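Since the structure comes first, as structure tokens, the remarks are kept for the end.
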Amino acid sequence: MKPFTYERATSPAAAAAAVAAKPGAKFVAGGTNLLDLMKLQIEAPTHLVDVNRLGLDTIEATPDGGLRVGALVRNTALAADPRVRRDYGVLSRALLSGASGQLRNKATTAGNLLQRTRCPYFYDTNQACNKRKPGSGCAALGGYSRALAVIGTSKDCIATHPSDMAVAMRALDATVETVDGSGRTRTIPIADFHRLPGSTPWIETALTPGEMITAVTLPAPVRGTHIYRKVRDRASYAFATISIAAILPESGTPRFAFGGLAHKPWRVAAAETKADGGAKAIAAAALAGATPTSQNAYKIPLVERTLAAVLAEGRAA
Amino acid sequence: MTDTNGFSLTRRGALVSGAAAASTTALPLDAQPLPAETPAATVPVSFTVNGKKRTLDLDPRVTLLDALREHLHLTGSKKGCDHGQCGACTVMVEGKRINSCLTLAVMHDGDEITTIEGLGKPGDLHPMQAAFVKHDGYQCGYCTPGQIMAAVAMLQEVKDGVPSYVSPDLTAAGRIDAQEVRERMSGNICRCAAYSNIVAAIADVAGAEDVA
Amino acid sequence: MKFDTPAGRNPIDQQKVIGRPTDRIDGPLKVTGTAPYAFERNDVAPNHAYGVIVGAGVAKGRITRIDTADAQRAPGVLSVVTYENAGKLGKARAHTATMLAGPEVEHYDQAVAIVVADTFEQARDAAKRVRVDYARAKGKYELKAAKDGAPIAKGDKMKTARGDFAGAFASAPVKLDATYTTPDQSHMMMEPHATIAAWNGDELTLWTSNQMIAWAVRDMSETLLIPKEKIRVVSPYVGGGFGGKLWVRSDAVMAALAAKAAGRPVKVALARPQLMNNTTHRPATIQRIRIGADKAGKITAIAHQTWSGDLPGGGPETAANQTQLLYAGDNRLTETHLAVLDLPEANAMRAPGEAPGMMALEVAMDEMAEKLGMDPVRFRIVNDTLVDPEKPERKFSDRNLVRCLEEGAKNFGWDRRNPKPAQVRDGDWLVGMGMAAAFRNNMNMKSGARVGVDRKGVVTVATDMTDIGTGSYTIIAQTAAEMLGVPLDKVVVLLGDSRFPVSAGSGGQWGGNSSTAGVYAACVDLRRRIAQKLGFNSDDVTFADGKVSSGNRAVDLAKAAGDEGISGEDTMEYGTLEKDYAQATFGAHFVEAAVNVYTGEIRVRRMSGVYDAGRILNPKSARSQVIGGMTMGIGAALMEDAVVDPRFGYFVNHDLAEYHVPVHLDVPHQEVVFLDTLDDKTSPMKAKGVGELGLCGAAAAVANAVYNACGVRIRDYPLTLDKVLEGLPMA
């Protein structure tokens, strides 16, 4: 961990201004991913702005029947909120499938969205990684890729986004609220928040330097069966090989978002309109253009099979 | 290719062929010259540990775990991985269990912290500690303080109505059975694998009859 | 004391203290966080500095330049030690690769430098400022590629044969020829290797985490080229080892070098991501097994050939061990091959040999039973042997495998198993049952102890034995209490210090029986001395209830000790009983596993077994040893896989987030039953090892249950869901 200076922010705008003002400055909230990476000098901020005590830790009803989740709401608190458990089961379940009880108590809503990949080459500073060192290459290509992305990849990066929560939020059509260093606020649809790697895999989100997430808004609930199915070899405390966030309304178009497949939560509109064709049709549409490696090609049939499980669960519900 | 900064010059292809060639260098990737800055200034921090107010002047890089172990010599909280992958460092902050390795001490000014040393002492064990002894819920003992802290806090989470991934109904009130205990304790790895006994110990304390 | 004839009746047979499921005496310290592990000994070296090790970034090659200038200039840095300034070092005979690289690099993450600073944060940052240039050399990293032409390994029993295997196999009416693979595995004990080193003139003390104190002294002496007498090693609490701490590793060597350079005590712990490539691992194996049997299921031919790799000068994984002893069959062959690989050092991990060997053999037995149309339990019973099948004149000291199989099957409800795979469905899960024999060799090691009684009647045992979670403190206390007739709370046990008599140490599941036998010997010496002091005829002296009695005379033990106290010391040594008799431990594992029909995910639902390891010194801690092994078997079956990147020659998934070991939710309640047996040919304790038995065969039982559940036979461990899906029809 490189030396850095530390300050506790007094307001969201002041925090954003502080980070915008100092090159190399970063926000720290839960710290569960940032500290991990700082110890390995994968992240090396020169200045940390602690945003933990800005009061962004409440969940409030919105006028249109949704919920506004403060950026600092801890994963446990969000998963356990009675409204979330009742109306956004897919989100509660996704949060609970991730990490551990201890990590969920610390990790925040905003931080979860900003998690960085678990690609083992990103994590080993001896290896080439365009995310960690732009232009150094991608050691994962031709390497150990069992857990890595099968779609939306590029010749520069095949990393996945590790979040479960974000996959559920993608299915829920959440929007991300931010403030920047000049105090300007904006909202970003979750679909546009995470980026594909392209030729700049180190740019992972739509955030501008110093822009800070203040909340995530969930639209009014979609009634129906909410399922979050996470597939993994180890029964718990493991990242998804793949996961599916599904909302199966009593009538109308179902929603499917996928984790473990891409550099961002993966959702394809055409797949949802094909839902009547069953798991095979949904999977085919969702995975059109997939470019798996020999090691992660199993994810392609696994998506269809897991969809079949999800649809069966939906029918049984 | 003998340039130490060469990784930005060598693409992956060069690296791979370099692995087979007689002479390639260029590591480590991230060695950088020392910035022309002064050493990290220390930051004062005060918190309450096991009921006792403690004030420290810390390099901001010091994690809560290292503050406890290296500065306060409360070595009951263990460093098993230092990356949030094992749970051996579990402590309670404001009554909630967290991995103390993944948080900075300076972020906890004013907080109330409970470590294994605050739970009980030899001769005056907390019921959870006594249950671990009775059920042999450990072997090498290194993950044990983390397991116990996690278990005590976990039972409170159940009481507080926090569901888990294996809860059949998210909206139902917290109930505890063996699968619930196992899922909720899965953030605490025990390589000696006393799991079966740890679950028995927790069930004993929780008074859960269907935990077996 | 020499143990060279079978044990007769002795005070241990009273089982007033021994054999009881006593709580661990070190338990209260462990549950309160007050048991001090190596890195926590702030009391012994209050002015210590911190060392952080820099590991090699290439797997094989030469260091062409090390630039430590930036690191030296970093705040708080006291010194940087590399091969250029470390002085002359030797290589311990027990080490395959050196603990400090330079100029040659032998494996990835081999230590190339240690940076010492006032604080941990300073040292960790400065370590990143060391710049190393390498001339990378071509290395060999893939066992599959190196297998062909790999010679038979050097050593005893690397090639064994009896009868005419080829002929018998060719003519067998039922036969199997299958190849299995097991991956590299990592010990991943919870406490990373850690050491505090302090010099006092030319004397070195290491507070470290080590399983074998005397070996540690020897290896440090050979590495630092200083006399053994100048080295003290202290390791009273060890946060797990599993073989990974059998020998001193770079933490100890580099801490010693760093402390010398810094002129201060230095403490060093390996960072978790360094563990897998800097230290040792269990090597991957390729195992070909051929079994031929007659139609009644009697094995007529059995061959087990195994391949593993290691650095030049290293050793093999002896995965054919159990096949030399476990089943009958007149025509047999085993071969243990060793290839040269440039991966980190391959070495012992819990039950070396049998752990991966049983993963293959016991699946082969399951496959063979199916070919024969026989129940797998029955097939094993039919092929039981009471003699060493390679040397029929050599009997087993005590062997009750059949009882384990029969009682285990009964306890588990094996008769409810449908032998036809993929027939039982429970919701989205296919459910199956599998079993495997458990088998692990028993070894006895020379072990010494000193035992004293003070004027308060408190008994103190001192031995350099270690407790790595095995329960040594408790069974040693139980042994002394039994021998001297005092309650357990009157016994103090001091372990893990090279100033104490040399013990067996902890490894190869020999620690429990051997170390307590050493304590037995010391107690016999002490009893003799006490009797002599009291003028008793030592043949009819009884030690019970805190008293020493002979005829109608009885003296309080405390009184007998007197103001100055009294002590005895001895070492238990062994004759040829281990050669004259095959000594081993046995068991039968039973598993119920479920395979998700959609995703191929595997979950173990039930796991139980019956085990035979002679006298069980403490059923509570012995159970823990066995469930720990069983769980490591779940890991080996389902998830543990240190993945080699063959381009760069290192284990890629080198932390606990990516190298998966079982968590709570992977493990069901486990039932463990011990047979009530005594083996009088192992030691006066009549006990055998139990620390590794639970692992041997457990993974195969899981694999066999998975096959029974879903009908997909996977011969390449671990059984991950992608391998299941290849054979699982869409639900």
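As the structure is a computational prediction, the values presented were derived from the model and not from experiment. Just so it is clear: chains get the letters A, B, ... in the order the sequence lines come, proteins before strands, and each one is counted from 1.
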Proximity breakdown for C/Asp26 and chain B, heavy-atom pairs closer than 4.5 Å: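 For C/Asp26, neither part sits under 4.5 Å from chain B.
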Part of [X] lying under 4.5 Å from any heavy atom of chain C:
{"X": "B/Leu119", "result": "neither"}
{"X": "B/Ala194", "result": "backbone"}
{"X": "B/Gln147", "result": "side chain"}
{"X": "B/Asn197", "result": "both"}

Exercise: do B/Glu183 and B/Ser164 side chains pair donor with acceptor under 3.5 Å: no
Side-chain donor-acceptor pair present, B/Lys121, C/Thr32, cut-off under 3.5 Å: no
If you count heavy-atom pairs under 4.5 Å between each of [options] and chain C, which one has the most?
{"options": "B/Gln179, B/Lys134, B/Arg184, B/His126", "result": "B/Lys134"}
{"options": "B/Lys79, B/Glu70, B/His135", "result": "B/Glu70"}
{"options": "B/Gly76, B/Gly187, B/Cys81", "result": "B/Cys81"}
{"options": "B/Thr144, B/Val133, B/Ile198", "result": "B/Val133"}

B/Arg182/C/Asp666 ion pair, N-O < 4.0 Å: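 Salt bridge between B/Arg182 and C/Asp666, a charged N being under 4.0 Å from a carboxylate O: no.
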Electrostatic pair C/Glu40:B/Arg69 at N-O distance under 4.0 angstrom: yes
Interface residue of largest heavy-atom contact number with chain B, from C/Met189, C/Arg623, C/Arg350, under 4.5 Å: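 Result: the option with the highest number of such pairs is C/Arg623.
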Choice from C/His664, C/Arg272, C/Met632 maximising heavy atom contacts with chain B below 4.5 Å: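 Result: the option with the highest number of such pairs is C/His664.
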Donor-acceptor contact below 3.5 Å, side chain C/His654 vs main chain C/Pro273: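 Checked: pair present.
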Crowding at NZ, C/Lys140 (>12 non-hydrogen neighbours, <6.0 Å):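 Not buried by this count: 12 neighbours or fewer within 6.0 Å.
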Flag side-chain contact, heavy atom, 4.5 Å: C/Ser624 against C/Arg24: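 Answer yes - side chains close enough.
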Ring centres under 6.0 angstrom apart (C/Tyr108, C/Phe648):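 No, ring centres 6.0 Å or more apart.
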